[in-house]
Amino acid sequence: MKLKSLVKIGGVAILSALVLAGCGSKSSQSGSKAQTLNWMLPANISTMDASKMTDLYSSQIENDTNEGLLRMGNSKVSPGVAKNYTISKDGKTWTFNLRHSKWNDGKPVTAKDFVYSWRRTVTPKTASQYAYIFANIENANKINAGKMSPTKLGVEAKGNYKLVVHLIKPQSFFKFMVAQSYYFPEEQSVVEKYGSSYGTNSTKNGYNGPFVLKGWTGTNDTMKLVKNKSYWNAKNVKLQTMNVQVIKDPSTALNSYQSGKLDFTTLNSTQVKQYKNDKDYKSYKEASTQYLEMNEKRLPMFKNKDIRKAFSLIINRNQLVNKVLADGSQLPKGYVPAGMNKKNGKDFADEAYVKDAVTNNDAEAKRLWAKGLKEVGKKSVSLTLMSDDDDTSKKITEFVQSQLTKLPGLKITNQNIPFKTRLSRSQNGQFDIVISRWIADYPDPSNFLDLFTSTNTYNNGKWKNAQYDALIKKSENQDANNETARWNDMIKAEKILMNDQGIVPLTQQGQSALMKSKVKGVQFFPTAPQWDWSKASIK
């Protein structure tokens, strides 16, 4: 998820993992004031339209206000709207048996709501960046290309409470995919009522999850999550209200935490040094990678491999991770994060590791830079580095600027803009260099590697490699049923991406925070790093 894109919110994005816990006691349910949690987000949410959502923070809110067939957490799934499911022997037909759940307006959530939502997402006019994630469902690609009617999508409602999905080929991780926000149901009457303004504020939406969003206008920095009494498992949701504030400045957030206005706040590097021994201090590792994308379509100079490699070699990631951030982030081994995928005890990131692609070597960087400039007929270059406008992003941008300008004749101008604007400009190719971030939606390397095929809408820099495309295609087709062959295909693909320096990995991210001891039960999931607020209670 382009999360940060935190952002799918990714991230995955995004995108999320909410697994409901056991029943709360009467004392934990008593009094809405006692069961009110005050939370913060470091960036605005962009939309509540599940078909158009790409960033982490929107996904966090979406996953607590809506629910898909299954819920995911820590690489496991549990029942959501679907109480159980079966898979055919050939692995291509998945049948989900739905429980009798409701939307917040009291209308039933049916299999038809899933059919409608999925068809809407793959319809070209919706312009969903996540349409590609439906590619393994029968006819999805043809529909998204405008060559077939959405009614031909391989998903059908057999009555109100049975959903049957027909896949082109077996997909072992499909159970994780249907737990993500892009596979959530949508209430057709609500979507049609609001049309193009659907999901643009809290009132123009339907909710079938643990909470209902209140008070979000589409641009403001404060909102509430209020317990959804229509939710099928409402009796096990302990919180009555969550007050959510968007606070981009870490000092402001920390002051609010210290004054009792917040029960949680993220920390920047300076704050981590000050509070790492505090009893409320928490550190979390994320299955996410932050990286540079270079716009090869806008600036043909970036088609030069020597220039791309020079950008990577000139960056001292050790200094970035340990001095500038110091927030739990770690050195990347490549694009796919370490610790997310293992086979026979071996980590994918270790097997696909290309040392030169994530190593600092100023002398070699300057040599390749000079060689590359000569090859493209330039003596000096002025570029703009685009990123988000939150405090941490500004620090990273300033550091990357200082590193890149070690290359003779290179001038970098920083452009820190609101997260939502940065996403839009990235998607439209309106950048020279951009700092992007992807967070795992589900625990499989394909969630990262699919992004850099030549036709993927998230490939904002338009890097292309035919051999890479062929390996990804092979992993998803010829080798789909052979886990060892599929694993090897993806390792080879990652190595191609890194050796060709299609992107420049910066960090594998982490998160440090303060959370008050009175807050119990809230969980953090590194895959699509989300908070499971529905488990939380105030003691």
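Closest non-hydrogen pair, Thr121 versus Ser51, comes out as OG1-OG, 2.8 Å. For the residue pair Thr65 and Val212, the shortest heavy atom distance occurs at CG2-C, 4.2 Å. For the pair Lys518 and Asp263, the tightest heavy-atom approach, listed with the atom from each and the gap, is CE-OD1, 3.1 Å. For Ser436 against Glu293, the heavy-atom pair with the smallest separation is OG-OE1, 2.9 Å. Listed here is the closest heavy atom pair of Leu254 and Thr265: N-OG1, 4.0 Å. Pairing each heavy atom of Asn201 with each of Gly218, the nearest pair is CB-N, 4.2 Å.
Aromatic rings from Trp438 and Tyr458 are positioned such that their centres are separated by under 6.0 Å.
Side-chain contact check for Arg317 versus Val504: some heavy-atom pair is nearer than 4.5 Å. A heavy-atom distance below 4.5 Å is found between the side chains of Ile433 and Leu404. Looking at heavy atoms from C-beta onward, Asn295 lies out of side-chain contact with Asn460 at the 4.5 angstrom threshold. Counting only heavy atoms from C-beta outward, the side chains of Phe211 and Ile61 never approach each other to under 4.5 Å. Between Asn456 and Phe452, every side-chain heavy-atom pair lies at or beyond the 4.5 Å cut-off. The side-chain heavy atoms of Ser181 and Asn63, taken from C-beta on, include a pair separated by under 4.5 Å.
In this structure, a donor-acceptor pair under 3.5 Å is present between the side chains of Asp221 and Asn44.
Note: Asp450 CG to Asn459 CG = 11.5 Å, rounded to the nearest 0.5 Å. Here the CD-NZ distance, from Gln240 to Lys227, works out to 5.0 Å after rounding to the nearest 0.5 Å. Here CE of Met177 is found 12.5 Å from CG of Leu69. Values are rounded to the nearest 0.5 Å. From Gln430, atom CD reaches atom OG of Ser424 across 6.5 Å, with rounding to the nearest 0.5 Å. To the nearest 0.5 Å, atoms CH2 (Trp463) and CG (Leu451) are separated by 12.0 Å.
The only option from Asn416, Asp389, Asn414, Thr392 that meets the side-chain hydrogen bond (donor to acceptor under 3.5 Å, both in side chains) definition with Thr397 turns out to be Asn416. A side-chain hydrogen bond (donor to acceptor under 3.5 Å, both in side chains) with Tyr198 is found for one member of Asp49, Asn205, Thr47 and no other, namely Asn205. For the pairing with Trp103, the side-chain hydrogen bond (donor to acceptor under 3.5 Å, both in side chains) check across Asn66, Asn208, Asp113, Asn228 returns one residue only, Asp113. With respect to Asn243, the side-chain hydrogen bond (donor to acceptor under 3.5 Å, both in side chains) criterion is satisfied by exactly one of Thr36, Asn38, Thr222: Asn38. Looking at Tyr442, Phe134, Phe176, Phe114 one by one, the single match for ring pair (Phe, Tyr, Trp, His ring centres under 6.0 Å) with Tyr183 turns out to be Phe134. Among the candidates Met48, Glu62, Glu67, the single residue satisfying the side chain to side chain contact (heavy atoms under 4.5 Å, CB included) test with Tyr207 is Met48.
Side chain of Ser202 to backbone of Gly215: a donor-acceptor contact under 3.5 angstrom is found. Under the 3.5 Å distance criterion, the side-chain polar atoms of Asn255 are matched with a main-chain donor or acceptor of Ser251. Side-chain atoms of Asn318 do not come within 3.5 Å of backbone N or O of Asn322 as any donor-acceptor pair. Remark: the backbone N or O of Trp232 is not paired with any side-chain donor or acceptor of Ser101 at under 3.5 angstrom. Under the 3.5 Å distance criterion, the side-chain polar atoms of Gln271 are matched with a main-chain donor or acceptor of Asn268. Proximity of a side-chain donor or acceptor of Ser329 to a complementary backbone N or O of Gly510 within less than 3.5 Å is detected. Judged purely by atom type and a 3.5 angstrom limit, Ser269 uses its side chain to pair as donor or acceptor with the backbone of Val324. Not a single donor-acceptor pair under 3.5 Å links the side chain of Ser117 to the backbone N or O of Pro185. The backbone N or O of Ser46 lies less than 3.5 Å from a partner atom in the side chain of Lys420, making a donor-acceptor pair. Side chain of Gln508 to main chain of Ala338: a donor-acceptor pair is present (N/O by atom type, distance under 3.5 Å, no hydrogens or angles).
The neighbour count for Lys175 NZ, taken as heavy atoms of other residues, nucleotides or ligands under 6.0 Å away, does not exceed 12. Other residues, nucleotides and ligands contribute over 12 non-hydrogen atoms within 6.0 Å of the NZ atom of Lys395.
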| side chain to side chain contact (heavy atoms under 4.5 Å, CB included) between Ile45 and Met223: does it pass, once the steps are laid out? | CA-CA 11 Å; Ile45 64 176; Met223 64 202 79; 4.1 Å; yes
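Every pair passing ring-ring contact (aromatic ring centres under 6.0 Å, His included) that includes a residue from residues 235-281 is listed here, sequence neighbours excluded: Trp39-Phe264, Phe264-Trp531.
Ion pair Arg422/Asp390 not flagged as a salt bridge, since none of the NZ, NE, NH1 or NH2 atoms sits closer than 4.0 Å to an Asp/Glu carboxylate oxygen.
Ring geometry for Tyr132 against Tyr130 counts as parallel: the plane angle stays under 30°, on a 0 to 90° scale with 60° as the upper cut.
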